[in-house]
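In this text, all values refer to a predicted model and were calculated from it rather than measured experimentally. Reckoned from all heavy atoms, side chains included, excluding hydrogens, waters and symmetry mates.
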Amino acid sequence: MVNSLTRKWRLKMLQSVLLVAGLAIGYRIVDLQLLDRHFLQNEGDKRSVRYESVAAHRGVIFDRNGDPLAVSTPVVTIWADPEVLYEASERWQALARELGVSHQWLSDRVKAAKTRDFIYLKRQLTPEQGRKVMALRVPGVRAINEHRRYYPAAEVTAHLVGFTNIDESGQEGLELAYNEWLSGDPGQRRVLKDRKGQLARQAELMKSASPGKELMLSIDLRLQYMAYRELKKAVELHKAKAGSLIMLDVKTGEVLAMVNQPAYNPNNRADMQAHKMRNRVVTDMVEPGSTLKPFTVAAALESGQFHKGSVIHTAPGYMRLGRDQVKDIRNYGAIDVTTVLRKSSNVGVSKMALAIGPDKVLDLLQRVGLGQSTGTGFPGENPGYLPYRDRWSDIEVATLSFGYGLTVTPLQLAQAYTVLGSGGIMRPVSLIKRDVVPDGVRVMDQQVADDLRKMLREVVHGGTGGRAMIDAFEVGGKTGTARKVGPNGYIKDRYIGMFAGLAPIDNPRLAMVVIIDDPSGKNYYGGLTAAPVFSKVAAGALRLLGVEPAELENPDSDQRMAFIPYVLDPGEKSFGSRVSTPFKEG
């Protein structure tokens, strides 16, 4: 009896379980077919639907006149499913030939990756090359449409524009600084593929790609080409290690040209080396040497202790400061402030700096932008170095007055000279073309700036900058030659030649700094290496910009050009000391 009841109870339980399971299965069937109809569709989509990225067209970079400096061109990338391609080894020879690779390379690559789902075979082929590869219909081989960055001006604008990597992401220069602006937003499309990954049908575009924004730079490609050509000639002529040139528009603060040597071609990555890729104009620091003297003189004039007619006694041509000595190449005797700058007297500027104190000199240097970033946003920009000390020795004040003990970039020095050219107004530097010119900030008394420009004209007419003269235009500027610094102090017989100037000097439009780094031979002075580059580039630039020549004070100056003897800048050459110094005895 008990066993009979147990069997009945077990039968009822089994029937109940089967009934519940049947109801659950029935409910799930109804749910999938009627209530949750998207489930089966989604499961099917997981096995056949793929989402592919639609590349966004990277924004074009232009010069100020609309000439393209960086453009994206369509290319084709070939990839493969190694497992499928491995089974078609008889097709490898033809595939390798169209890809432009060896059969051995292709064979090794496929065999090494045969357990993977994806490998690149060749990236960035031309569309025509891509069509030829795909026409072979090799199993497992697929193509992707991409873009490749191309730089029409090549090495001429390489240091400024920079370059992208193979995926069009900015790596250097403005391509890196404005990467987000230029990149755009990729799109997305949905495609149907079979179990072998082959495209069965293109379904729909899910999201359109948004192209990157355009970027219009401040540089003028015509001036850039000219500056590059003349700088390259000078570096080769003097067998120099490197060179830099920066040209600013005094009226707007825009960069009109920025070039360096050595350069590199961003379209050919085979010979790219780190030292060639550096934009020396904004990253390399130099001691400005005598090119800083105009600002020491400006600080002295602003102090009220000196005026342009003040007499400075430089006899007997040297001055002793403790155990150190500051020297001129000859005894100039009693000279006025203009002559101090024209003769580039170390004794003269040292006496002026000692009279007003280092704080006034440093204050003016800071106001004109030295020791701080110019704010261009260029990657790796160096702020330079201005020394600040609680106590200054006399020799430290003296060497500061003629450009030693501090460092600047060529860009900072050029910006400082725009202050002299604009009558004491400082405007921020821009690498992007400006539609509205900023008002700027007054950082120097206008009369002082005007007086300094007249003095800089005298430096070119009868001073150390004679080779910077230009036919039909009056210019002004300052030469400088500084010893290079090594791990153990200043290096003997290795120099940096410099020239910083304004053109035309009466109503300046251009401020330019030229650096010739480590020229070989005896012609290493800034007046011999850098000043002629300034003359040629400034002359061409003024004509291209349509600047009207003024009446020259000396109409025979162009005839005198060929006969101008080089006048040694004493600030370049000589100040003596018991220790290693920036100059050799003159």
Side-chain angles (χ1 to χ4, degrees), residues 45-60 70-151 163-169 182-212 267-270:
D45 288 348
K46 289 179 182 178
R47 292 158 177 79
S48 61
V49 176
R50 299 290 182 268
Y51 292 91
E52 295 182 348
S53 177
V54 179
H57 195 278
R58 190 172 178 87
V60 181
V71 297
S72 292
T73 58
V75 293
V76 174
T77 289
I78 305 298
W79 65 277
D81 182 338
E83 184 178 2
V84 177
L85 183 57
Y86 183 77
E87 300 298 328
S89 58
E90 72 281 358
R91 308 293 303 279
W92 291 358
Q93 186 67 50
L95 178 60
R97 184 172 57 252
E98 290 298 338
L99 288 174
V101 298
S102 69
H103 179 271
Q104 186 63 47
W105 179 90
L106 180 62
S107 173
D108 292 344
R109 184 161 178 77
V110 174
K111 290 176 181 178
K114 64 180 180 180
T115 59
R116 295 164 53 187
D117 296 326
F118 178 97
I119 57 168
Y120 282 118
L121 295 181
K122 195 68 175 288
R123 299 200 68 176
Q124 297 188 345
L125 295 173
T126 66
E128 182 180 0
Q129 291 172 327
R131 284 192 294 269
K132 289 181 178 179
V133 172
M134 297 310 297
L136 297 175
R137 298 185 179 278
V138 179
V141 176
R142 304 287 179 267
I144 305 172
N145 293 323
E146 295 182 323
H147 293 95
R148 178 185 179 183
R149 205 64 163 167
Y150 174 68
Y151 303 92
F163 60 88
T164 64
N165 62 14
I166 199 168
D167 295 313
E168 280 210 318
S169 178
L182 294 164
S183 293
D185 189 17
Q188 190 180 66
R189 64 184 174 193
R190 186 171 64 179
V191 297
L192 296 178
K193 295 187 176 183
D194 61 21
R195 63 184 182 86
K196 294 183 178 180
Q198 297 179 352
L199 182 65
R201 179 167 60 89
Q202 185 168 314
E204 60 182 313
L205 182 67
M206 305 298 293
K207 176 185 175 184
S208 297
S210 300
N267 299 313
N268 180 9
R269 310 295 172 88

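- By the 6.0 Å contact criterion, CD on Glu128 is open, its count of non-hydrogen atoms from other residues, nucleotides or ligands being 12 or less.
- Residues Asn145 and Val76 have side chains in contact (heavy-atom distance under 4.5 Å, counting atoms from C-beta outward).
- Taking 4.5 Å as the limit, some side-chain heavy atom of Glu146 sits within range of a side-chain heavy atom of Arg123.
- Ile119 and Ala113 make their closest contact through CG2-CB, 3.4 Å (heavy atoms, listed as atom of the first residue, atom of the second, distance).
- With respect to Ile78, the side chain to side chain contact (heavy atoms under 4.5 Å, CB included) criterion is satisfied by exactly one of Leu121, Ile144, Val138: Leu121.
- Classification of the His57-His147 ring pair by plane angle, with boundaries at 30° and 60°, yields perpendicular.
- No donor-acceptor pair closer than 3.5 Å links the side chain of Arg58 to the backbone N or O of Arg149.
- Within 6.0 Å of CD in Gln124 there are more than 12 heavy atoms belonging to other residues, nucleotides or ligands.
- Side-chain N or O atoms of Lys122 include one that pairs as donor or acceptor with a backbone N or O of Leu99 at under 3.5 Å.
- With hydrogens and angles disregarded, no donor-acceptor distance shorter than 3.5 Å links the side chain of Arg148 to the backbone of Thr126.
- Remark: the backbone N or O of Leu136 is paired with a side-chain donor or acceptor of Arg91 at under 3.5 angstrom.
- Between Phe163 and Arg269, the shortest heavy-atom distance links the atoms CD1-NH1, 3.5 Å.
- Scanning all heavy atoms of the two residues, the minimum distance from Trp79 to Ala143 falls at NE1-N, 4.0 Å.
- Taken to the nearest 0.5 Å, the OH atom of Tyr86 stands 6.5 Å off from the CH2 atom of Trp92.
- Of all heavy-atom pairs spanning Thr164 and Tyr151, the tightest one is N-OH, 3.1 Å.
- Asp167 places no side-chain N or O within donor-acceptor distance of the main-chain N or O of Ser169, the cut-off being under 3.5 Å.
- Note that OG of Ser102 and CZ of Arg109 are 12.0 Å apart. Values are rounded to the nearest 0.5 Å.
- Considering only heavy atoms from C-beta on, Leu85 comes within 4.5 Å of Leu95 through its side chain.
- From Lys111, atom NZ reaches atom CG of Leu106 across 10.0 Å, with rounding to the nearest 0.5 Å.
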